[in-house]
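The model shown is predicted, which means the values in this text are computed figures rather than measured ones.
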Amino acid sequence: MDALLATPEAGALKARFGGAAVKRALAAALEEVRPAWLAGGPAPAPEALIRAAAAALGESFGGVLRRVINGTGVVLHTNLGRAPLSRDALDQVADLLPGYVDLEVDLGSRARGHRDARLERALQEWLDTDRSVIAVNNNAAAVLLMLSTLSSGKETIVSRGELVEIGGGFRVPEVMAASGARLREVGTTNRTRPGDYRRAAGPPTGLLLKVHPSNYRVVGFTQEVPLADLVALGRELGVPVGYDWGTGLATEGSPLGLAGEETLREALAAGPDVLTFSTDKLFGACQGGLLLVAPHLAEAFKNNPLLRALRVDKVTYALLGATLDLYRKGRITALPALAMLSIPERTLRARAHRLKRDLERRAPGRFSAEVVGAEGRAGGGSAPLSPLPSPALALAPEGGRAEDLESYLRTGGEPPVLGVLNEGRLLIHLRTLLPGDASVLLQRLAGYGGQP
């Protein structure tokens with residue numbers, strides 16, 4: 001061990017990873033070869049031991065996340081972190097966060113400020129609204145805070161057709177129970193009328209709640225109460241109306257594949273007392289949840305003790321603010337998710353043919369490749385019925401199995417590549433490839449040796 005630690009190569013590793021970590025990695029490498037050595041085999045080469053330690057250290061210190069190439073066609077892929085972050089926003093945050101920031105100080109008065117103040121002013125100016133803005137760590141937290149503030153110990157009236165479950169087991173009834181609110185279901189799964197809410201309302205009612213259906217739709221013999229009509233009923237009854245909107249589509253005019261999704265301004269125009277949505281879906285930022293609260297309810301929300309447990313840190317505020325700046329400047333194409341959703345099918349098909357030609361030059365005769373029509377998804381509970389054309393490159397290794405190729409791309413190198421197995425071929429969707437991904441994919445494919 002002393003001899004290994006004294007080598008220049010080990011010294012370079014110690015400079016990168018620290019002496020203690022390098023010693024543990026070398027000890028593990030020695031332990032791996034010890035049985036064969038003691039059984040009379042050759043002594044392990046120091047270079048091999050150091051290479052093994054270096055590989056283990058690289059894996060151990062690779063961070064808690066790995067970059068992944070998304071060839072699935074799902075733009076807001078929850079398992080892959082939903083919306084990719086804007087490079088412009090990240091650059092702005094990188095310049096800001098190495099130092100101290102004015103998170104909770106009013107620099108003009110030297111008094112303690114509120115951490116939502118700057119974000120609130122920016123959103124109010126952009127949306128031309130007087131609503132208070134509260135940032136929490138995701139939309140489930142936003143809904144929890146809304147229910148806790150307005151309906152704890154009271155009834156919240158919800159249509160049976162809107163008692164949804166979305167990814168990760170998030171169920172509206174369970175969040176409601178955690179908030180202390182009591183669920184009062186009205187209507188049926190497929191039809192709910194204004195009279196259903198009216199008959200259920202009474203002294204115990206704390207909130208009328210409308211929930212965006214997220215990743216499903218009920219079609220056919222259906223009826224629901226539009227948000228504006230529910231707001232009018234709430235005004236008549238003197239009961240606040242909340243809208244768990246979820247999607248976060250803040251653009252004017254829907255990108256390709258999002259027909260029928262209402263925008264932030266449209267949802268606000270209907271007049272709910274509280275509107276909540278995710279910031280890592282169609283808003284295109286980091287994980288978070290925003291509440292836009294009518295002024296007469298703002299103090300109740302800001303004084304809720306639960307808010308301290310749900311609030312976000314300076315990193316989230318910085319990313320939300322930088323993303324909002326792009327909206328205010330009219331630069332929504334700098335948001336990768338919205339850019340991907342807006343690419344015309346013909347452009348993607350041309351890219352797929354170019355990728356096919358490049359692969360045939362790079363690895364001639366090693367793959368059967370064809371450009372095929374396919375369908376992607378917006379993902380993240382958005383626009384489940386809207387078609388999203390997503391031309392794909394269909395691959396099969398000559399003389400091999402697509403399953404082995406899929407396993408190799410997913411587990412056999414960096415960065416992992418995720419595609420979709422379909423009828424004996426691996427589909428790589430072009431819609432979800434980010435700039436630079438195609439060249440990296442070619443390198444990964446060129447290294448395929450026919451084994452999983």
*Asks:* Drop me the distance from Arg331's CZ to Leu338's CG, to the nearest 0.5 angstrom.
*Replies:*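 Rounded to the nearest 0.5 Å, the CZ-CG separation comes to 13.5 Å.
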
*Asks:* Check for a donor-acceptor pair, side chain of Thr279 on one end and backbone N or O of Cys286 on the other, with a separation under 3.5 Å.
*Replies:*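 Yes; at least one donor-acceptor contact below 3.5 Å.
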
*Asks:* Does the Ser86 side chain pair with the main chain of Ala334, one donor and one acceptor, at a distance under 3.5 Å?
*Replies:*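 Answer holds: yes.
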
*Asks:* Side chains of Leu359 and Phe367, heavy atoms from C-beta outward: is any pair under 4.5 Å?
*Replies:*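 Heavy-atom side-chain distance check passes, below 4.5 Å.
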
*Asks:* Where do Ser439 and Gly436 come nearest, in terms of heavy atoms and distance?
*Replies:*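 Residues Ser439 and Gly436, closest heavy atoms: OG-O, 3.0 Å.
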
*Asks:* For the ring pair Phe283 and Tyr327, is the centre-to-centre distance below 6.0 Å?
*Replies:*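 Distance test on ring centres: under 6.0 Å, yes.
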
*Asks:* Using modelled atom types and a 3.5 Å cut-off, is there a donor and acceptor pairing between side-chain atoms of Thr347 and backbone atoms of Ile343?
*Replies:*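 Between the backbone of Ile343 and the side chain of Thr347 there is no qualifying donor-acceptor contact (under 3.5 Å).
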
*Asks:* Under the ring-ring contact (aromatic ring centres under 6.0 Å, His included) test, which residues partner Phe17, sequence neighbours left out?
*Replies:*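 By the ring-ring contact (aromatic ring centres under 6.0 Å, His included) rule, Phe17 matches Phe61.
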
*Asks:* Can you measure from CZ (Arg67) to CG (Leu434) and round to the nearest 0.5 angstrom?
*Replies:*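 The distance works out to 8.0 Å.
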
*Asks:* Can you establish whether the number of heavy atoms outside Arg235 located under 6.0 Å from its atom CZ is more than 12?
*Replies:*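 More than 12 within 6.0 Å, yes.
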
*Asks:* What closest approach, in Å, do Ala267 and Leu275 show between heavy atoms, and which atom pair accounts for it?
*Replies:*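 Where Ala267 meets Leu275 most closely, the heavy atoms are CB-CD1, 4.1 Å.
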
*Asks:* Less than 4.5 Å apart, side chain to side chain, heavy atoms only: is that true for Pro391 and Leu348?
*Replies:*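 Sidechains of Leu348 and Pro391: in contact.
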
*Asks:* Can you see which heavy atom on Gly248 is nearest to which on Phe277, and at what distance?
*Replies:*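 Nearest pair, atom of Gly248 first, then Phe277: CA-CD1, 3.6 Å.
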
*Asks:* Taking the side chain as every heavy atom from C-beta outward, state whether Leu145 and Leu291 have any atom pair closer than 4.5 Å.
*Replies:*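 A side-chain contact under 4.5 Å exists here.
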
*Asks:* Of all heavy-atom pairs between Ala94 and Pro98, which one has the smallest distance, and what is that distance?
*Replies:*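 Between these two residues, the closest heavy atoms are O-CD, 3.0 Å.
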
*Asks:* Mark yes or no for whether Ser151, through its side chain, and Leu147, through its backbone, hold a donor-acceptor pair below 3.5 Å.
*Replies:*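 No; zero donor-acceptor contacts below 3.5 Å.
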
*Asks:* When rounded to the nearest 0.5 angstrom, what is the spacing between CG in Leu409 and CD in Glu406?
*Replies:*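 Going from CG on Leu409 over to CD on Glu406, the span is 7.5 Å.
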
*Asks:* Look up atom CZ in Arg182 and atom CD1 in Ile157, then write down how far apart they are to the nearest 0.5 Å.
*Replies:*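 Rounded to the nearest 0.5 Å, the CZ-CD1 separation comes out at 11.0 Å.
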
*Asks:* Report yes if the side chains of Thr432 and Leu80 come closer than 4.5 Å at any heavy-atom pair, otherwise no.
*Replies:*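 The answer is no; the side chains never approach within 4.5 Å.
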
*Asks:* If you count the non-hydrogen atoms of other residues, nucleotides and ligands that lie under 6.0 Å from CG in Asn303, is the total more than 12?
*Replies:*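 Enclosed.
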
*Asks:* Judged by atom type as modelled, is there a donor-acceptor pair below 3.5 Å linking the side chain of Glu162 to the main-chain atoms of Ser159?
*Replies:*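 Between the backbone of Ser159 and the side chain of Glu162 there is no qualifying donor-acceptor contact (under 3.5 Å).
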
*Asks:* If the condition is ring-ring contact (aromatic ring centres under 6.0 Å, His included), which residues does Tyr197 pass it with, not counting sequence neighbours?
*Replies:*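 For Tyr197, no residue satisfies ring-ring contact (aromatic ring centres under 6.0 Å, His included) once neighbours in sequence are set aside.
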
*Asks:* Under 3.5 Å, sequence neighbours excluded: what are the donor-acceptor pairs made by side chains of residues 413-428?
*Replies:*
| residue | atom | partner | partner atom | Å |
| --- | --- | --- | --- | --- |
| Glu414 | OE2 | Arg66 | NE | 3.1 |
| Glu414 | OE2 | Arg66 | NH2 | 2.3 |
| Arg425 | NH1 | Glu370 | OE1 | 2.6 |

*Asks:* Show me the donor-acceptor pairs within less than 3.5 Å that the side chains of residues 316-323 make with the rest of the protein, sequence neighbours left out.
*Replies:*
| residue | atom | partner | partner atom | Å |
| --- | --- | --- | --- | --- |
| Thr316 | OG1 | Asp313 | OD1 | 3.3 |
| Tyr317 | OH | Asp116 | OD1 | 2.6 |
| Thr323 | OG1 | Leu319 | O | 2.8 |

*Asks:* Got a second to check how far His114's NE2 is from Arg311's CZ, nearest 0.5 Å?
*Replies:*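 That separation rounds to 8.5 Å.
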
*Asks:* Roughly how far apart are Arg160 CZ and Thr192 OG1, rounded to 0.5 Å?
*Replies:*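 These two atoms lie 8.0 Å from each other.
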
*Asks:* What's the shortest heavy-atom distance between Leu393 and Ala369, and which atoms?
*Replies:*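 For Leu393 and Ala369, the tightest heavy-atom pair comes out as CD1-CB, 4.1 Å.
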
*Asks:* Given side-chain contact (heavy atoms from CB on, under 4.5 Å), test Leu292 with Leu264 step by step and report yes or no.
*Replies:* CA-CA 10 Å; Leu292 276 61; Leu264 174 56; 4.3 Å; yes

*Asks:* With heavy-atom distances below 4.5 Å as the criterion, would you say the side chains of His212 and Tyr243 are in contact?
*Replies:*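 The answer is yes; the side chains approach within 4.5 Å.
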
*Asks:* Flag the pair Asn70 / Leu433 as yes when at least one side-chain heavy-atom distance between them is below 4.5 Å, and no otherwise.
*Replies:*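 The answer is no, as the side chains (C-beta and beyond) never meet within the 4.5 Å cut-off.
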
*Asks:* Could you walk me through whether Arg431 and Leu388 pass the side-chain contact (heavy atoms from CB on, under 4.5 Å) test, one step at a time?
*Replies:* CA-CA 9 Å; Arg431 184 170 294 281; Leu388 187 61; 3.7 Å; yes

*Asks:* So, applying salt bridge (charged side-chain N to carboxylate O under 4.0 Å, His left out) with Glu120, which one of Arg131, Arg115, Lys302 is it?
*Replies:*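 Output: one option passes, namely Lys302.
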
*Asks:* State, yes or no, whether a side-chain contact exists between Glu375 and Ser390 at a heavy-atom distance under 4.5 Å.
*Replies:*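 No, side chains not in contact.
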
*Asks:* Just to verify, what does Asp106 make a side chain to side chain donor-acceptor pair (under 3.5 Å) with, not counting sequence neighbours?
*Replies:*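 Partners of Asp106 under the side chain to side chain donor-acceptor pair (under 3.5 Å) test: none.
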
*Asks:* Give a yes/no verdict on a cation-pi contact between Arg265 and Trp126, requiring under 6.0 Å between NZ or CZ and the six-membered ring centre and an angle within 45° of the axis.
*Replies:*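 Yes.
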
*Asks:* Test your reading of the model: is there a side-chain donor-acceptor pair from Asn138 to the backbone of Ala141, 3.5 Å cut-off?
*Replies:*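 A pair under 3.5 Å: yes.
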
*Asks:* So does Arg444 have more than 12 non-hydrogen atoms from other groups sitting under 6.0 Å from CZ?
*Replies:*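 Counting other residues, nucleotides and ligands, CZ of Arg444 exceeds 12 neighbours.
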
*Asks:* Keeping Ser152 on the side-chain end and Thr149 on the backbone end, is there a donor-acceptor pair under 3.5 Å?
*Replies:*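 No.
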
*Asks:* Is there a side-chain contact between Met176 and Leu209 in this structure, where contact means two heavy atoms from C-beta onward sitting under 4.5 Å apart?
*Replies:*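 Yes, at least one pair of side-chain atoms sits under 4.5 Å.
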
*Asks:* Backbone N or O of Arg193 within a donor-acceptor pair of the Asp196 side chain at under 3.5 Å?
*Replies:*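 Confirmed, Asp196 side chain pairs with Arg193 backbone.
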
*Asks:* Would you mind listing every side-chain hydrogen bond (donor to acceptor under 3.5 Å, both in side chains) that reaches into residues 290-299, with sequence neighbours excluded?
*Replies:*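 Passing the test, one end in residues 290-299: no pairs.
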
*Asks:* Assess the side chains of Asn304 and Ser148: does a donor N or O sit below 3.5 Å from an acceptor N or O?
*Replies:*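 Yes, because at least one side-chain N or O of Asn304 sits under 3.5 Å from a partner of the opposite role on Ser148.
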
*Asks:* Do you know the tightest heavy-atom contact between Leu207 and Met146?
*Replies:*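 Smallest interatomic distance, heavy atoms only, reads CD2-CG, 4.3 Å.
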
*Asks:* Would you please test Thr188 and Arg191 for side-chain contact (heavy atoms from CB on, under 4.5 Å) and show each step?
*Replies:* CA-CA 5 Å; Thr188 64; Arg191 292 179 72 83; 3.8 Å; yes

*Asks:* Given Leu395 and Leu445, is the side-chain contact (heavy atoms from CB on, under 4.5 Å) satisfied, shown in steps?
*Replies:* CA-CA 10 Å; Leu395 295 171; Leu445 288 170; 3.9 Å; yes

*Asks:* Check whether Ser278 reaches the backbone of Asp280 with its side chain - one donor and one acceptor, N or O, closer than 3.5 Å.
*Replies:*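 Looks like no, no N/O pair under 3.5 Å.
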
